[in-house]
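These numbers come from a predicted model, not from an experiment. For ligands, and for the atoms within them, numbers begin at 1 and follow the listed sequence. Residue indices begin at 1 and follow the sequence shown.
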Amino acid sequence: QPRINGHEAVCYYEARMDEAARDRRALAKDLWQAIARDELRVHYQVQRSVTSQAITGYEALLRWQHPQRGFVSPADFIPVAEECGAILEIGEWVLRTACAEAATWTNGAKVAVNLSPVQLTHPDLVGMVQSILIETGLSPRRLELEITESTIIGDKARALHILRQIKGFGVTIAIDDFGTGYSSLDTLNAFPFDKIKIDRSFLMEAEQSPQARAIIRAILALGRSLEVPVLAEGVETVAQLELLRSEGCDEAQGYYFGRPAAQVLDETAPARLTA
Ligand code: C2E
Ligand code: MG
Ligand code: MG
Ligand code: MG
């Protein structure tokens, strides 16, 4: 049994940290060039009404095809993009691409675009959103921005001011991954959001865990009393969909209805706007 003394353990740890930091820097460098090199794509995942199964929207999800690494998951590169600041440029590219694409859909469905908390540090996020809407001709009521609870903590007053101006155009705001963040009910109370998205983790456990079911039920009750629709993320099975139906969930999104894809296939199906 080899014994590692304290000093060696520290060196080993530091070497590993260096390696991780180097890799992050390399990834960040490539990320800055990803747009120019045409390596980014936007995929779309359908969102449906739980009762009628009518299409209510599509979530835009970023994809990166790296020339050497292959497909890199957004869960891995979005944090790097946020850390190095590339998320400002990338986020703008995603928004422009998704709005331009949605403007061509004949069913009039909404497009939901994820907004990083870092994008709220953009010197003119409001102007950027407005000019993209004008440029692409997409009706503001067909754009939804998904923010996480962490977007409204931090400089709360500034965040609320920016988001209210964007809402002023007619754009709607959904709270993504609800239940996993650190916002207080007080923060939520200060902000007139338009949709709650229940984090996938709750539905994943719902069938085995009465506790997860109780949390889903509580979020649905919150949505009902605030008169805000609730969407459940990560529906993979018909049993999960049935559970959501029996609990009165409004909308759902997940592999059961379809994986994110480059093409919106059923764009001619009737859509229902929730706002
Ligand atoms: P998110 O916004 O919560 O997006 C939902 C994630 O769940 C997506 O992962 C989607 O592919 C995945 N998903 C959907 N249905 C199912 C299901 O039934 N089962 C399972 N296991 N997964 C499902 P994805 O595309 O890998 O994105 C991960 C996260 O990266 C997103 O979570 C979002 O936080 C972030 N992200 C993706 N695109 C963007 C973007 O354009 N901008 C920003 N700021 N963040 C993005
Ligand atoms: Mg999202
Ligand atoms: Mg989510
Ligand atoms: Mg999530």
Side-chain angles (χ1 to χ4, degrees), residues 27 31 34-35 39-48 50 56-66 70-102 110-122 125 128-129 132 143-151 172-181 183 193-207 216 219 230-241 243-244 249 251-262:
L27 203 63
L31 206 45
I35 297 180
E39 293 164 2
L40 300 180
R41 294 289 178 272
V42 180
H43 283 195
Y44 300 90
Q45 186 179 38
V46 72
Q47 303 176 323
R48 287 183 183 269
V50 167
T56 56
Y58 295 88
E59 179 173 17
L61 294 157
L62 188 56
R63 297 291 177 260
W64 184 18
Q65 190 65 43
H66 188 283
F71 172 75
V72 188
S73 167
D76 295 326
F77 74 79
I78 294 285
V80 175
E82 291 178 331
E83 198 180 67
C84 73
I87 193 67
L88 294 186
E89 208 178 302
I90 290 171
E92 180 170 350
W93 181 86
V94 172
L95 189 65
R96 181 172 293 110
T97 305
C99 288
E101 180 82 37
K110 279 194 165 197
V111 66
V113 180
N114 293 284
L115 193 72
S116 160
V118 176
Q119 286 180 273
L120 271 93
T121 66
H122 188 290
L125 182 64
M128 188 260 273
V129 172
I132 286 177
L143 175 63
E144 184 151 82
L145 294 178
E146 297 193 358
I147 63 170
T148 55
E149 293 161 74
S150 55
T151 305
T172 54
I173 308 279
I175 310 275
D176 204 356
D177 304 338
F178 188 80
T180 59
S183 73
F193 51 90
D194 305 282
K195 185 180 286 180
I196 298 173
K197 295 187 76 176
I198 306 179
D199 190 71
R200 189 162 66 82
S201 57
F202 300 110
L203 190 60
M204 246 164 62
E205 291 176 26
E207 282 157 286
I216 291 173
I219 299 173
V230 177
L231 179 150
E233 297 186 304
V235 182
E236 295 184 354
T237 66
V238 68
Q240 288 174 330
L241 183 65
L243 188 145
L244 293 173
C249 186
E251 294 173 30
Q253 174 183 349
Y255 295 167
Y256 177 75
F257 288 129
R259 294 192 176 240

Item to check | Heteroatom test (N, O or S) for D177 near the Mg ion (ligand 2), limit 2.8 Å | outcome: no
Checklist entry - Relative to atom 43 (C) of ligand 1, which among L62, T237, N114, L203 owns the nearest non-hydrogen atom? => result N114
Next on the checklist: Between T180 and T148, is there a side-chain heavy-atom distance shorter than 4.5 Å?
Outcome noted: no
Item to check | Shortest non-hydrogen separation from A262 to Y44 and the atoms involved | outcome: O-CD1, 4.1 Å
Item to check | Considering only N, O or S atoms of E233, the one closest to the Mg ion (ligand 3) | outcome: OE2
Checklist entry - N/O to N/O below 3.5 Å, does that happen between Q253 and ligand 1? => result no
Next on the checklist: Taking side chain to side chain donor-acceptor pair (under 3.5 Å) as the criterion, tell me which of Q253, Q47, E251 meets it with T56.
Outcome noted: E251
Item to check | Polar contact flag for D177 and ligand 1 (N/O pairs, less than 3.5 Å) | outcome: yes
Checklist entry - Using a distance-only test with no angle check, is there a side-chain donor-acceptor pair under 3.5 angstrom linking T172 and E144? => result yes
Checklist outcome for this item: Counting from 1 in the order shown, the ligand 1 atoms closer than 4.0 Å to a non-hydrogen atom of E59 are 2 (O), 4 (O)
Next on the checklist: Do E59 and D176 have side chains that approach each other closer than 4.5 Å (heavy atoms only, starting at C-beta)?
Outcome noted: yes
Item to check | Interatomic distance, E146 atom CD to K195 atom NZ [nearest 0.5 angstrom] | outcome: 7.5 Å
Item to check | ligand 1 versus R63: contacting region, heavy-atom distance under 4.0 Å | outcome: side chain
Next on the checklist: Please confirm whether G91 approaches ligand 1 to less than 4.0 Å, judged on its heavy atoms.
Outcome noted: no
Checklist outcome for this item: Ranking S116, A60, P74 by closest non-hydrogen atom to atom 26 (O) of ligand 1, top hit is P74
Item to check | ligand 1 contact on T148 by region, counting heavy-atom pairs under 4.0 Å | outcome: neither
Item to check | Subset of ligand 1 atoms that lie under 4.0 Å from at least one heavy atom of P260 | outcome: 11 (O)
Checklist entry - Between the candidates E236, R259, K197, which shows the shortest non-hydrogen contact distance to atom 20 (C) of ligand 1? => result E236
Checklist outcome for this item: Distance col, row R41:CZ vs E39:CD, nearest 0.5 angstrom, shows 9.0 Å
Checklist entry - Quick one: are Q240 and L244 in side-chain contact, heavy atoms under 4.5 Å? => result no
Item to check | Contact (N/O only, under 3.5 Å) between E82 and ligand 1 | outcome: no
Checklist entry - Quick one: which ligand 1 atoms are inside 4.0 Å of a heavy atom on V94? => result 41 (O)
Next on the checklist: What I want to know is whether Q119 and ligand 1 share at least one N or O pair that is separated by under 3.5 angstrom.
Outcome noted: no
Checklist entry - Is the Mg ion (ligand 2) under 2.8 Å from any N, O or S atom of D176? => result yes
Checklist entry - Within a strict 4.5 Å, meaning less than it, do heavy atoms of the L61 and P74 side chains meet? => result no
Checklist outcome for this item: In this structure, the Mg ion (ligand 2) sits at the vertex of an angle between OE1 of E146 and OE2 of E59 that rounds to 10° as 80°
Checklist entry - Within the structure, does Y255 bring an N/O atom to less than 3.5 angstrom of an N/O atom in ligand 1? => result yes
Checklist entry - Taking heavy atoms and a distance under 4.0 Å, where does D176 meet ligand 1: side chain, backbone, both or neither? => result side chain
Checklist outcome for this item: Between L145 and the options I173, D194, L125, the side-chain contact (heavy atoms from CB on, under 4.5 Å) test singles out I173
Item to check | H43 touching ligand 1 at heavy-atom level, < 4.0 angstrom | outcome: no
Item to check | Side chain E149, main chain F178, donor-acceptor under 3.5 Å | outcome: no
Checklist entry - Which pair of non-hydrogen atoms, one from F193 and one from I175, has the smallest distance, and what is that distance? => result CG-CG1, 3.7 Å
Checklist entry - Short list, please: which atoms of ligand 1 are under 4.0 Å from a heavy atom of G234? => result 16 (C), 17 (C), 18 (O)
Checklist outcome for this item: Here the atoms of ligand 1 under 4.0 Å from any heavy atom belonging to Q45 are 14 (C), 15 (N)
Checklist outcome for this item: The side-chain contact (heavy atoms from CB on, under 4.5 Å) partner of H122 among L88, I87, L115 is L88
